[in-house]
Number of protein chains: 2
Amino acid sequence: MKRDSRLSGILHVLLHMAEHEGPSTSEILARAMQTNPVVIRRILSGLRERGIVRSEKGHGGGWVLARDLGEITLRDVYDAIDSPTLLAMNNRTETPDCLVEQAVNAALEDSFQEAEALLLARFGEVTLKTLHADFQTRLTRTHPKRKKGHVHEH
Amino acid sequence: MKRDSRLSGILHVLLHMAEHEGPSTSEILARAMQTNPVVIRRILSGLRERGIVRSEKGHGGGWVLARDLGEITLRDVYDAIDSPTLLAMNNRTETPDCLVEQAVNAALEDSFQEAEALLLARFGEVTLKTLHADFQTRLTRTHPKRKKGHVHEH
DNA sequence: TTTTCATGTAACTTATATAGTTACATGAGT
DNA sequence: ACTCATGTAACTATATAAGTTACATGAAAA
């Protein structure tokens, strides 16, 4: 299976939006994420529906965060991209007649649900503000002199 | 991504092998798992390398468990099918230059690793004997009269 | 010793999901 | 009117699991 990297990608994009003065166009954001503007618009449209970002058309248009960084959890973002499948594994049959398979499925299902619950709980604990603070720390470590540096080379 | 159901499928097959007197052919096992014999042979060949099953060619040949049910954990089986990816999500870039992306990746990576560790730990706690006992319980609930029933209709 | 049966394995096809691209409509500002 | 940016449908590319075909290998039975 090709693994889903939308959450990782879109968090990156959101933090860039936060650093950017005024609206960011999907073209600029796509460059930061090294992908196509349509991919950005597609993903961000989900976040717009959830009130995480806003978009404007035309001159001076683009995307802005609709809430404070501290008010956006990874869980919010995950939900806004339509809660993609977390686990790469599955039970072969969802509701098998075979009692052997039922026993197997029940055991696996337990573990799967625990792992999913743990992931979602972690996502709920982390806000974009947390990530932004971590970024600032990394920036200071890398460029100790500069108070507020550039973000990257794109 | 298409989700991996090999673990679920092969556990089912192993328990059927345990119930079956003498060697089970890949054709019989494939019928139980509703798939192709080659798929069974392909997966079981990994388990053979780990000493979980043995196979014999020719008349009266087929597959048998090489160890006691209590000596085979789900973790053993998982490893034997080559430790497939557990999580359906990925970081977009593994070692990004961008500090923003590094902060994002680090946060996600933490959660991902916790979830994976939890799954593997659970797999390590459960043996085929556990699953077999659960199966027996289900059997008794479904057919209270019978001491030792058939397994299923395949 | 030939036939039958079962595994071993390579090569190919199918199915499914993410990601990327093209093309064009819509609407806001200049 | 012209430009810029989003909105979105439709198509293509890519990756991975799963299923299938075909045939070689080797063991037991006839």
Side-chain angles (χ1 to χ4, degrees), chain A residues 1-10 12-13 17 20 22-49 53-64 66 78 81-94, chain B residues 1-10 12-13 17 20 22-49 53-64 66 78 81-94:
Chain A
M1 147 203 353
K2 201 173 191 173
R3 291 167 83 185
D4 190 324
S5 65
R6 279 178 297 166
L7 184 59
S8 158
I10 211 63
H12 181 187
V13 157
M17 263 167 63
H20 194 264
S24 313
T25 64
S26 59
E27 205 189 316
I28 287 176
L29 297 173
R31 207 139 44 214
M33 209 174 103
Q34 294 179 73
T35 182
N36 192 297
V38 176
V39 174
I40 300 290
R41 295 206 286 270
R42 189 149 63 202
I43 301 176
L44 285 181
S45 79
L47 305 219
R48 186 184 48 224
E49 286 167 21
V53 296
R54 269 195 304 269
S55 64
E56 296 293 344
K57 287 179 176 176
H59 272 100
W63 302 84
V64 289
Y78 169 78
I81 60 177
D82 267 340
S83 317
T85 303
L86 292 168
L87 299 183
M89 284 201 261
N90 232 184
N91 283 329
R92 194 174 172 84
T93 310
E94 242 10 275
Chain B
M1 146 210 344
K2 197 174 195 176
R3 293 166 82 185
D4 190 324
S5 65
R6 278 178 298 167
L7 184 59
S8 158
I10 211 64
H12 181 187
V13 156
M17 261 168 65
H20 193 265
S24 313
T25 64
S26 57
E27 205 190 315
I28 288 177
L29 297 172
R31 207 139 46 213
M33 210 175 103
Q34 294 180 73
T35 183
N36 192 296
V38 176
V39 173
I40 300 291
R41 295 206 286 269
R42 189 149 63 203
I43 301 176
L44 286 181
S45 79
L47 305 217
R48 186 186 47 225
E49 284 167 22
V53 296
R54 270 194 302 270
S55 64
E56 295 291 347
K57 289 180 176 175
H59 272 100
W63 302 83
V64 289
Y78 169 78
I81 59 177
D82 267 338
S83 317
T85 304
L86 292 169
L87 299 182
M89 284 201 261
N90 231 184
N91 284 328
R92 194 174 173 83
T93 310
E94 242 11 274

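Computation of the quantities below employed the complete heavy-atom set of this structure, encompassing side-chain atoms and omitting hydrogens, waters and symmetry-equivalent molecules. The chains referred to below are lettered A, B, ... by the order of the sequence lines, with proteins before strands, and numbering in each begins at 1. Keep in mind it's a predicted model, so treat the numbers as computed, not measured.
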Proximal nucleotide (of [options]) relative to the [X] side chain:
X: A/Asn36; options: D/dT6, C/dG20, C/dG8; result: C/dG20
X: A/Ser5; options: C/dA19, C/dT4, D/dT6; result: C/dA19
X: A/Val38; options: C/dC5, C/dA23, C/dA10; result: C/dA23
X: B/Ser55; options: D/dG7, C/dT7, D/dA18; result: C/dT7
X: A/Asp4; options: D/dA29, C/dT18, C/dT21; result: C/dT18
X: A/Lys2; options: C/dT21, D/dT14, C/dG8; result: D/dT14
X: A/Arg92; options: C/dG29, D/dG19, C/dT21; result: D/dG19
X: B/Arg6; options: C/dG8, D/dA22, D/dA17; result: D/dA17
X: A/Lys57; options: C/dA23, D/dA28, D/dT6; result: D/dT6

For a quick check, tell me whether the side chain of A/Arg42 and the base of C/dG20 share a donor-acceptor pair closer than 3.5 Å.
yes
Between [N] atom [atom2] and [X] atom [atom1], what is the distance in whole Å?
X: A/Gln34; N: C/dT21; atom1: CD; atom2: P; value: 12 Å
X: B/Ile40; N: C/dT9; atom1: CD1; atom2: C1'; value: 16 Å
X: A/Glu27; N: D/dT6; atom1: CD; atom2: C1'; value: 12 Å
X: A/Met33; N: C/dA19; atom1: CE; atom2: P; value: 8 Å
X: B/Trp63; N: D/dA27; atom1: CH2; atom2: C1'; value: 15 Å
X: A/Leu47; N: D/dG7; atom1: CG; atom2: P; value: 12 Å
X: A/His12; N: C/dA19; atom1: NE2; atom2: C1'; value: 17 Å
X: A/Leu7; N: C/dA19; atom1: CG; atom2: P; value: 11 Å

Tested for side chain to side chain contact (heavy atoms under 4.5 Å, CB included) against B/Val13, the lone hit among B/Leu47, B/Leu29, B/Val53, B/Ile28 is B/Leu29
Go nucleotide by nucleotide along DNA chain D from the 5' end; which of A/Ser24 and B/Gly58 gets its closest nucleotide reached first?
A/Ser24
In the structure I gave you, are the side-chain heavy atoms of [X] and [Y] within less than 4.5 Å of one another anywhere?
X: B/Met17; Y: B/Trp63; answer: yes
X: A/Pro23; Y: A/Glu56; answer: no
X: B/Ile81; Y: B/Ile43; answer: yes

Is there a side-chain hydrogen bond (donor to acceptor under 3.5 Å, both in side chains) between B/Arg92 and A/Ser8? Walk through the geometry before answering.
CA-CA 6 Å; B/Arg92 194 174 173 83; A/Ser8 158; over 6 Å; no
Would you indicate what [X] reaches in the nucleic acid, counting non-hydrogen atoms under 4.0 angstrom: base, sugar-phosphate, or nothing?
X: B/Arg54; answer: nothing
X: A/Ser26; answer: sugar-phosphate
X: B/Thr35; answer: sugar-phosphate
X: A/Gly62; answer: sugar-phosphate

Any chance the side chains of B/Ser26 and B/Arg41 put a donor and an acceptor closer than 3.5 Å?
yes
Just N and O in the side chain of B/Arg41: are any of them under 4.0 Å from OP1 or OP2 of C/dT7?
yes
